[in-house]
Amino acid sequence: MDEKGLSNFFENYLKKDSIFLNKGVLQSTYTPGEIPHREEQIKQIANILAPALRMERTSNIFIYGKTGTGKTVCVKHTAQKLEEVAKQNNIKLKIVYVNCKLSKVADTEYRLIAQLVREFGKEIPPTGLPTGEVYQIFYKTIEEERQRIILILDEIDQLVNRASDILYNLTRINAELKNAQISIIGISNNLVFADNIDPRVKSSLSEEELVFPPYNALQIQDILSQRTKKAFRQDALEQGLIEKCAAYAAKDHGDARRALELIRVAGELAERNNEEKVPIKYLDLAEEKIEKDRITDTIMTQPQQFKATLYAALALDKGKKTILTGDIYDTYKQICSKTGIRPLTQRRVSDIIAEFDMLGIINAKVISKGRYGRTREISIAMPAQIEGKIRETLAKELGA
DNA sequence: CCTCCACCGGAACGTGAGGAGT
DNA sequence: ACTCCTCACGTTCCGGTGGAGG
């Protein structure tokens, strides 16, 4: 493109009507005014929380459901309304929302409590203090302010190490407080999580329990049409796109977040290709792109040792039928000596393999081969074209 | 039915980088 | 200067194990 062509391109870009009116409506950070098909859950949450307005203690709530079933959005929405009413009536009520998954922010006991204290405007160093002292500061702060607090802990299953201890301490706090009071709303994606926590913690945390079921296709359709009305220009979607997208998402565990992402990315692709409308067939492209971006992104942000391990697995995937932990470790060691990376022990590499499994980059299954031992059987869980690309990139980066 | 492989996976501990308080 | 803290990342040590082959 020559210089004139380039300015023309930008001129045209500016003049062109966007397919989108407001893309933000499709992003997961957006909180819609109305939440379809969750009236029942919202009512329940509201019922449980309402006593806070009379300065009574509210029950702790434990909420679980899979990703994209509207847990966070419902809780935030209800809490927000409650806080507004409290404010209008001069009731001291504070809602604190913490996402425990945010690494380096709230994923350990120390950091979680430190984050809470920060919500009250006090500074806590990122490390250095004993955890007990941070608790003390926290107690003192809320005691002084005579606060009622509703603490929303999103994705509590992501707390590393013993989540039990942290939750135990938090649920026990009330016994130590005279003027303040805390209620906890715990949100978890992981249904198994509930079984793994200390039964004492479990019982006090889930004084009330709520389950968010997955949305079905029709419900996702409603959500999509509600949001797309605001997000897209009128008639920007090809007939049947919403239905198709909803069907996709419903098949895939009723995840509304995924449905919204799918339709957003499809829109972006259509816009980039100067389409008038978003064609249905772009949903497939969008799905591909999302998956590809996810994989590339997670891999490229891994530390070097992880990359080396993955590269070993990818190298073996060419031609071999089954890959075992031992195979990977051998190849890994070869790669290390070739590239000058300090080799880790097999124990560690085994953990790294397990982590890639959790990230969905590879599949690892523990199998027994009888006489010939017990090991993990590993397969690569990514589309072939991407796999080739990744292998090249890793080879270049590692110098192998 | 027993054995024994090739790992699995829990636990304790070490190191070194962040930092606090005295 | 010194002791004490958290936390990421690893190592060392070791008991545990499903099932093919004897």
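Just so you know, these numbers come straight off a predicted model, no measurement behind them. So that the names make sense, note that chain A is the first sequence line, chain B the second, and so on, each numbered from 1.
- A ring-centre distance under 6.0 Å is not found for F212(A) and Y64(A).
- Here CG of L129(A) is found 4.0 Å from OH of Y110(A). Values are rounded to the nearest 0.5 Å.
- Using a 4.0 Å cut-off, some side-chain N or O of R111(A) falls inside it from OP1 or OP2 of dA8(C).
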Contact string for nucleotides 4-16 of chain B, one letter per nucleotide 5' to 3', B = base within protein heavy-atom range under 4.0 Å, S = sugar-phosphate only, - = neither, reads SBBBSBB------
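- For the atom pair D154(A) CG and K76(A) NZ, the distance stands at 7.5 Å (nearest 0.5 Å).
- Within residues 294-311 of chain A, no residue is approached by DNA chain B to less than 4.0 Å at the level of any non-hydrogen atom.
- Applying a 4.0 Å cut-off to non-hydrogen atoms, the residues of residues 112-127 of chain A that approach DNA chain C are T127(A), listed by residue number.
- Counting only distance, with no hydrogens or angles, the side chain of Q219(A) and the backbone of N216(A) share a donor-acceptor pair below 3.5 Å.
- In this structure a side-chain-to-backbone donor-acceptor pair under 3.5 Å is present from R391(A) to L314(A).
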Show the numbers, then the answer: is there a side chain to side chain donor-acceptor pair (under 3.5 Å) between Y135(A) and E109(A)?
CA-CA 10 Å; Y135(A) 269 107; E109(A) 181 169 31; 2.8 Å; yes
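- A donor and an acceptor atom, one from each side chain of Y282(A) and E275(A), are located under 3.5 Å apart.
- When the P atom of dC7(C) is taken as reference, atom CD of E109(A) falls 8 Å away, rounded to whole Å.
- In terms of modelled atom types and a separation under 3.5 Å, the side chain of T171(A) and the main chain of S204(A) share no donor-acceptor contact.
- The backbone N or O of I386(A) lies less than 3.5 Å from no partner atom in the side chain of K292(A), so there is not a single donor-acceptor pair.
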